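Reading through the structure tokens given below for one structure.
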Amino acid sequence: MLKIADKTFRSRLFGGTGKFASSAVMNEALDASGSEMITVALRRVDLADPDDDIMSVLDRDKYWFLPNTAGARDAEEAIRLANLARAVGGTNWLKLEVTPDPRTLLPDPVETLKATELLVKDGFIVLPYMNADPILSLRLQDVGAATVMPLGAPIGTNQGVLMQSMIEIIIDQAQVPVVVDAGLGAPSHAAHAMEMGADAVLVNTAIAVAGDPVAMGRAFAMAVEAGRMAYEAGLGISGKSAAASSPEVGLGFLQ
Amino acid sequence: MSPFTVPDFSEFQALIHTPTSTDVEAVLARDKLHINDLATLLSPAASEMLPALAARSAVITGQRFGHTIQLYAPVYVSSFCANKCVYCGFSAENKIERRVLTLDEVEVEMNILADQGFNHILLVSGEAPAKVGVDYLAELARRTRARFAAITIEVQPLSTEEYRTLFEAGITGVAVYQETYDRGVYDAVHLSGNKADYDYRLKVPARVAEAGMREVGIGFLMGLADWRSEGFALGLHLQWLRKHFWRTNLTVSFPRMRPAEGAFDPPQPTGEKELTQLLLALRIFDHDVGLVLSTREEKRYRNGMIGLGPTRYSAGSCTAPGGYANPDLAGEQFSVGDHRDLQTVCDSIRKRGHDPVCKDWDATFQKGL
Amino acid sequence: MNIFCNGKERQIAEGTVVSDLLSSLNLSPETVVVECNTMIVKPDEYSKFVLPEDAKLELIRFVGGG
């Protein structure tokens, strides 16, 4: 079981609610993925379509909502969004995203650290989205982040765990769960992250835009489970150390 | 943060005693090790595979530290001690001539070592705060820090605040050994004094790290209890410290008790083979930990181990207060196994393809100094 | 009088409270959060919070996102 703050999750796949063709497909795909925590964003109500409300189509007993601060460009904007999210959702959980560069949507480390510290002090459970930077990960942990969420690859690139070396270090050092977010375009990418020892992965686009989102949701669920099982089973010899092995060393000097 | 605790040794005996040679081979082939893998490397099965352990350890050490050995020298500033520890030459009830050096005398000792080329000094004293306290150490650090790259201490445990004071004065690291992680043995050998409290002592390394020291050294006295179990407990300690204090450099020392003249007979004596297995296992378990071999070990052994795992050697050591200026002084804490001076040790390190390094950091870069 | 609601100008009667506005927009209060001049209005104040002249209102709710 995965524990974040005081909550436990059976599924190690977190879902997203963006980019689905319809609410019906979204619901079915999320169900197939087995996700228990899903992200939502905050926007102005469309006054021309007052019934368009995602909360009315999702089962609040089935899913734990994780509001994000998508669109925030600095700590101040993120904190404003966080307070709005807390007011509308009645939850103090938050996926903190601070992305000043609209081209790459890469997270700003300085603003993210600043916002995390302030939000934790204000009682939020903060899950910060971050670049795969091991020191930043430790600094976020130090100021009270509930998880760290390093990106596998730049968002939208579907390149998988491109940041493998850095994420390995992050996992090795972390005292809080490590959730790999962004860049995971295929179930094999998710399995890879889980085999490395990630505690969970967050997948939205790859499921939402698949030819068959429901089947893809299920495929990710299976991949995450397989990856976790492999990690727990203990993976065997890796190429690196096998190649590094050298002939035995003489210890004739020992007495 | 909940404090570090050591499980009862009985709880991990199976981990240490069931692995087979196949299990050891599997661990040697893996990059990232679990704490249970350390138990496998400390197992009796692994004792029969030291050359394979040495090969792996050598590769890791080379990758992480390059072909270098750091060098330091201890300066014994006082032999007064308020503790009664049955194994120690400085124990309060031992009838030895006690000395505490004046600050001027310590400076003379340190200058002699600086002239020889030492840049890292380890200040050592018995545990007698009235003789060598925070003020003494802070003043000493302020007086001498400009001449040394690193000044570390091995003295009585202090409070976090006191460690912070010393850090600000120029002390860069602290060694504090648990002596034994086996609670029963600990109580039996530490008869009285502050040191008699096992739990108090166990918390000290965390305080050092919390105070911002660049380095914490831990270790146990080899010979007091079962060394395999001690090694596993030390691994747990190391892992806990890493998780909680990621800014702190960690080192392990291996004080191995040799039969002393007429004094304490170690109840579970260990040889070079045991020391070697422990050291190699720790290196394979934790690629980044500094491993310190002192002059307690003999020249032959220290030469042989170059490149296999250790990262730091002491040299030219004298373990009696004032012994560098007055080589004939009696009252040493333990007897030295390698009497070579710094230059000779450096030469033999070079001869084995390694670079002797007298400093790897200049305290002068530290903010606030 | 005039207010700005989600960026658009809107005419309301003087003395209009938040809950009046929400019902006139067909919005159920529990699905939105109301920000008036960058201060969040607490739901239990919706029935007494009188909208001031030129108020800048933001009506926010959850939408799909990753």
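Computed from a predicted structure; not experimentally measured.
The cationic atom of A:Arg86 (NZ for Lys, CZ for Arg) lies less than 6.0 Å from the six-membered ring centre of A:Phe124 and within 45° of the ring axis.
With a threshold of 4.5 angstrom between heavy atoms, A:Leu254 approaches chain B through its backbone and through its side chain. B:Leu308 touches chain A through its side chain: at least one heavy atom from C-beta onward sits under 4.5 Å away, while N, CA, C and O do not. The parts of B:His244 that come within reach of chain A are both its backbone and its side chain, each placing non-hydrogen atoms under 4.5 angstrom from that chain. Both the backbone and the side chain of B:Arg300 come within contact range of chain A, judged by heavy atoms closer than 4.5 Å. Proximity to chain B (any heavy atom under 4.5 Å) is shown, for A:Gln255, by both the backbone and the side chain.
A tilted orientation is assigned to the rings of B:Phe4 and B:Trp240, their planes being inclined by 30° to 60°.
Contact check for A:Leu202 versus A:Tyr129: no side-chain heavy atoms found under the 4.5 Å cut-off.
A salt bridge does not link A:Asp172 to B:Lys32: none of the charged nitrogens lies less than 4.0 Å from a carboxylate oxygen. Ion pairing between A:Asp142 and A:Arg139 fails under the 4.0 Å rule for side-chain N and carboxylate O.
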